[in-house]
Novice: 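Here it is, the structure in full.
No experiment lies behind these values; they were computed from the predicted model shown. Atom set for the values below is all heavy atoms of this structure, side chains included, hydrogens, waters and symmetry mates excluded.
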Amino acid sequence: MTTLRAFTCDDLFRFNNINLDPLTETYGIPFYLQYLAHWPEYFIVAEAPGGELMGYSEFMGKAEGSVAREEWHGHVTALSVAPEFRRLGLAAKLMELLEEISEKKGGFFVDLFVRVSNQVAVNMYKQLGYSVYRTVLEYYSASSGEPDEDAYDMRKALSRDTEKKSVIPLPHPVRPEDIE
């Protein structure tokens, strides 16, 4: 049986099987520790019965934005599932938890960034009720001389956004420096 639990500092030394996926953004230890210190309720790990880490949500999410401008929201910084544990509904369960936490914190929406080329993830998020809010040009840095890759900023309105204003798509792409 899979256990969903709070991410701990020790997990930083156990999640390489998840983090080495080419579509997963990898950060330095200080970055993970900052999120763990500021938004521990959003940092969840899935553990197999034998103790192997199956996935994490670095959901590493966080709550950010302005309440006055109806921009207070949960942000998914990373969601990753180890290849051997994919297609079991684990990512959907982790997203559901993030949405519940964001609802409790009074968020208007949940957002995330995903590579335009990662159609498996884009389709999964669409099945979970997310829509493309905007395209962010050259958001992901490329390696080995290839061009940078665009991202979709995908959003899902929460119950506080009764008019669904937060998910009205922008008519044109933006650049990373234009994102608040």
Novice: With sequence neighbours excluded, what pairs up with R86 under the salt bridge (charged side-chain N to carboxylate O under 4.0 Å, His left out) test?
Specialist: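 Partners of R86 by the salt bridge (charged side-chain N to carboxylate O under 4.0 Å, His left out) criterion, ordered by chain and then number, come out as D21.
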Novice: In Å and rounded to the nearest 0.5 Å, what is the CD to OG distance from E71 to S166?
Specialist: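 Between atom CD of E71 and atom OG of S166 there are 10.0 Å.
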Novice: Only counting residues at least two apart or in another chain, list the ones meeting ring-ring contact (aromatic ring centres under 6.0 Å, His included) with F113.
Specialist: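 Scan of F113 (ring-ring contact (aromatic ring centres under 6.0 Å, His included), adjacent residues dropped) gives H75, Y139.
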Novice: What pairs of residues pass the ring-ring contact (aromatic ring centres under 6.0 Å, His included) test when at least one of them lies in residues 140-180, not counting sequence neighbours?
Specialist: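 Found none.
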Novice: Can you tell me how far CZ of R155 sits from CZ of F109, rounded to the nearest 0.5 angstrom?
Specialist: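 Reported value, rounded in 0.5 Å steps: 3.5 Å.
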Novice: Hey, do the aromatic rings of F7 and F15 have their centres closer than 6.0 Å?
Specialist: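 Ring centroids of F7 and F15 are less than 6.0 Å from each other.
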Novice: Got a sec, which residues hit salt bridge (charged side-chain N to carboxylate O under 4.0 Å, His left out) with E138, two or more places apart in sequence or on another chain?
Specialist: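 For E138 the salt bridge (charged side-chain N to carboxylate O under 4.0 Å, His left out) partners, ignoring immediate neighbours, are R175.
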Novice: How long is the straight-line distance from CG of N118 back to CD of E149, given to the nearest 0.5 Å?
Specialist: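 CG of N118 is found 8.5 Å from CD of E149.
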Novice: So does E163 have more than 12 non-hydrogen atoms from other groups sitting under 6.0 Å from CD?
Specialist: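 Open: at most 12 neighbouring heavy atoms sit under 6.0 Å from CD of E163.
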Novice: What distance separates L112 CG from Y133 OH, expressed to the nearest 0.5 Å?
Specialist: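 Separation between the atoms: 14.0 Å.
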Novice: Hey, could you give me the CD/OG distance between E99 and S159, rounded to the nearest 0.5 Å?
Specialist: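 The distance works out to 11.0 Å.
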Novice: Do the side chains of I101 and I44 get nearer than 4.5 Å, heavy atoms only?
Specialist: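 I44 vs I101: side chains touch.
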Novice: How about P169 and V132: do any of their side-chain heavy atoms sit closer than 4.5 Å?
Specialist: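 When only atoms from C-beta onward are counted, V132 and P169 do not touch, as no gap falls below 4.5 Å.
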Novice: Salt bridge (Lys or Arg N to Asp or Glu O under 4.0 Å) for K104 and E41? Distances and angles first, verdict last.
Specialist: CA-CA 11 Å; K104 288 178 187 171; E41 67 277 16; over 6 Å; no
Novice: Any chance you could measure L90, atom CG, to L79, atom CG, to the nearest 0.5 Å?
Specialist: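 L90 atom CG to L79 atom CG measures 8.0 Å (nearest 0.5 Å).
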Novice: State which residues pass salt bridge (charged side-chain N to carboxylate O under 4.0 Å, His left out) with E52; sequence neighbours excluded, sorted by chain then number.
Specialist: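 Applying salt bridge (charged side-chain N to carboxylate O under 4.0 Å, His left out) to E52 gives none.
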Novice: Under the salt bridge (charged side-chain N to carboxylate O under 4.0 Å, His left out) rule, collect the residues that match up with D11, sequence neighbours excluded.
Specialist: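 Listed in chain order: R5, R14.
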Novice: Do you know the tightest heavy-atom contact between K164 and L158?
Specialist: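 Looking at all heavy atoms of both residues, the shortest contact is NZ-O, 4.3 Å.
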